[in-house]
Amino acid sequence: MLRTHTCGELRAEHVGATVTLAGWVHRRRDHGGLVFVDVRDRNGLTQVVFDPDAAPAAFEAARDVGHEWVVAVDGSVRPRPAGQANPNLPTGAVEVVASALRVLNPARTPPFEINREQAVEDGTRLRYRYLDIRRQRMQRNLVLRHAVTAFIRAHLNARDFLDVETPILMKATPEGARDFLVPSRVHPGRFYALPQSPQQLKQILMVAGIDRYYQIARCFRDEDLRADRELEFTQLDLEMAFAEAGDIMALNEDLFVALVAAVAPHLRIRQVPFPHLTYADAMERYGTDKPDIRFGLEMVDIGPDVAGSAFRVFADTVARGGRVKAIAAPAQFTRREIDAFEAFVKGLGAAGLAWLAFDADGAVRGSVARALAAPEIAAIRDRTGAGDGATVFIVAGDAPVVALALGRLRGELGRHLDLIDPGELAFLWLVDPPLFEWNAGEARWDSVHHPFTSAVPEDVPLLDTDPGRIRAQAYDVVCNGYELGGGSIRIHERDVQARVFALLGLSDAQVQAQFGHLLTAFEFGAPPHGGIAWGIDRTVAILAGEANIREVIAFPKSLSAVDLLTGAPSPVPARDLAVLGISVVASSPPDATDA
Ligand code: ASP
């Protein structure tokens with residue numbers, strides 16, 4: 001090695017040793033006739049002192065080096081002078097007195113500073129990702145990500161799971177997104193699809209007798225990007241034969257608990273065992289299937305209190321089958337704040353935001369304080385549990401609009417009132433979601449999870465009569481308002497699977513073409529099985545305290561789906577396309593991938 005120690009290694013016990021360090025010039029200071037250079041590698045940094053009397057050539061060389069040059073330094077370790085030790089730095093007790101400095105490679109002036117945390121525009125960070133990764137934030141996040149995947153592997157290996165790789169060039173798998181297609185050269189006009197997940201292959205592995213499978217799998221979905229979405233993402237993919245939903249949830253719950261203790265012990269899990277919330281309950285109380293339960297502010301149905309009201313807006317909503325729901329916030333708000341909340345819910349489709357404030361002296365104020373009768377107000381107060389000084393916010397409308405608007409307002413209020421403890425992880429299992437939802441546009445049922453999910457056994461007869469009421473044997477794991485992932489007990493009987501495909505509007509020919517392999521496999525002794533997949537990117541982001549998953553991915557795409565480092569996607573020479581039997585009929589402008 002070109003070094004004897006890393007830059008994070010030297011301690012008081014090394015005093016007197018002759019060492020060679022190699023790394024990047026983190027910072028240089030000329031001070032009292034001496035030059036100080038902090039040399040950095042990913043293990044840490046070490047202060048190196050250049051003394052013109054002791055080593056004149058090294059001193060001269062050190063005066064020339066710039067930030068981020070790569071250098072090697074020979075020298076000896078000594079204690080820092082009295083009063084100059086740095087207790088915040090692991091190597092802070094010592095320094096290296098240099099005898100020689102070799103420049104291994106100079107560097108251009110970096111487009112942003114590596115040696116301090118500063119806001120840098122995202123595009124610049126991605127274009128110079130290798131510099132961005134040198135910075136502390138990305139170093140810390142990548143180390144954490146490694147710790148997470150290493151822990152998961154060790155945990156599952158110890159429980160008899162087999163890590164099996166599945167192909168990247170596959171047949172299309174329906175997870176509800178668009179596929180990335182890869183043209184076949186050998187078979188012009190035919191395409192592989194990049195897997196949206198290894199779903200069918202992991203089920204086929206169960207038929208193959210690999211009764212505990214996992215893979216830290218890359219998945220590809222051609223969707224519009226946002227803060228929590230990348231074109232490709234990584235998930236822990238897992239499947240078990242002879243297991244029931246409770247077994248899969250328990251196994252993953254143990255994994256999460258052990259993982260947090262091992263890699264993020266400063267975070268507290270709010271409740272173990274994780275609470276189970278039905279889909280219906282979550283929608284009713286939080287207006288979403290991925291609630292953040294680190295705080296209360298639950299939604300309450302006040303329909304019964306206003307159904308007979310002279311205030312027509314509420315009464316009419318109830319009469320037409322809509323909902324009138326409320327949240328009691330333990331605070332008073334200014335008119336400006338309330339106007340901002342109203343604009344927020346209107347942006348989500350609500351007609352308006354009504355409110356009632358209960359002053360400590362018994363007075364009631366608010367937009368509907370006069371419109372509602374006193375007993376109605378008393379009933380609302382009673383049902384929402386609003387105390388003195390509380391404000392009740394009310395949204396009326398169709399159920400989905402009320403759920404969305406009031407559910408999001410709940411999140412706004414939680415943040416506004418500082419009710420969210422960032423040191424807490426509120427995991428929960430969301431259970432009993434519907435198996436299907438009606439797709440009015442296409443006049444057919446759609447799977448809510450995916451078409452391989454089985455029904456709760458007592459609901460199976462509804463396949464023929466009322467598919468919309470069937471509950472799925474599915475579960476999502478939710479944490480702090482994010483859906484980390486989900487899974488289900490699968491259909492393992494060929495005929496049931498065929499009936500589900502039929503409900504989804506697939507013809508026999510389509511089923512045969514798309515899923516014939518799976519149905520055939522099911523004819524050869526498919527064991528009952530189920531599994532789950534959850535996002536590594538989002539999990540690491542939550543553990544790292546990052547809002548955006550790009551902060552925990554080494555080389556993410558920009559929000560416009562471009563790899564700013566390499567410039568992908570890029571045009572391909574016509575002759576390469578000709579080999580594939582492809583001609584381009586529409587193309588983006590030449591600079592489309594610059595931004
Ligand atoms: N394949 C599913 C997904 O990627 C997860 C599962 O059902 O195991 O969302």
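Order of listing sets the numbers, starting from 1, for every ligand and every atom in it. What's counted below: heavy atoms across the whole structure, side chains too, no hydrogens, waters or symmetry copies.
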For His449, the atoms of ligand 1 under 4.0 Å from one of its heavy atoms are 7 (O)
Check whether any N or O atom of Lys202, backbone or side chain, sits under 3.5 Å from an N or O atom of ligand 1, and answer yes or no.
yes
Arg410 versus Ile293, closest heavy-atom pair with distance
NH2-CA, 4.3 Å
Has Arg494 got its NZ or CZ under 6.0 Å from the middle of the six-membered ring of Phe522, at an angle within 45 degrees of the ring axis?
no
As an exercise, identify every atom of ligand 1 less than 4.0 angstrom from a heavy atom of Gly486.
5 (C), 6 (C), 7 (O), 8 (O)
Residue list, side chain to side chain donor-acceptor pair (under 3.5 Å) with Arg135, at least two apart or on another chain:
Asp132
Would the distance check show the side chain of Arg125 and the main-chain N or O of Glu121 forming a donor-acceptor pair, the cut-off being under 3.5 Å?
no
Would you call Arg469 and Asp459 a salt bridge, taking side-chain N to carboxylate O under 4.0 Å as the test?
no
Check: Asp237 N/O within less than 3.5 Å of ligand 1 N/O
no
With heavy atoms under 4.0 Å as the rule, classify the contact between Glu483 and ligand 1 as side chain, backbone, both or neither.
neither
Okay, side chain of Tyr213, backbone of Phe161: is any donor-acceptor separation there less than 3.5 Å?
no
Sole residue of Leu484, Val552, Thr234 in side chain to side chain contact (heavy atoms under 4.5 Å, CB included) with Arg538
Leu484
Atoms of ligand 1, numbered as shown, that sit under 4.0 Å from any heavy atom of Ala533:
5 (C), 8 (O)
Using a 4.0 Å heavy-atom cut-off, which part of Ile532 comes near ligand 1: side chain, backbone, both, or neither?
backbone
Heavy-atom contacts under 4.0 Å between Glu239 and ligand 1: side chain, backbone, both, or neither?
neither
Given Gln196, Gln199, Arg221, which has its nearest heavy atom closest to atom 4 (O) of ligand 1?
Arg221
For Ser197, which part has a heavy atom under 4.0 Å from ligand 1: side chain, backbone, both, or neither?
side chain
Arg444 to Phe436 six-membered ring, cation-pi geometry met (6.0 Å, 45°):
no
Any atoms of ligand 1 less than 4.0 Å from a non-hydrogen atom of Gln235? List them with their elements.
4 (O)
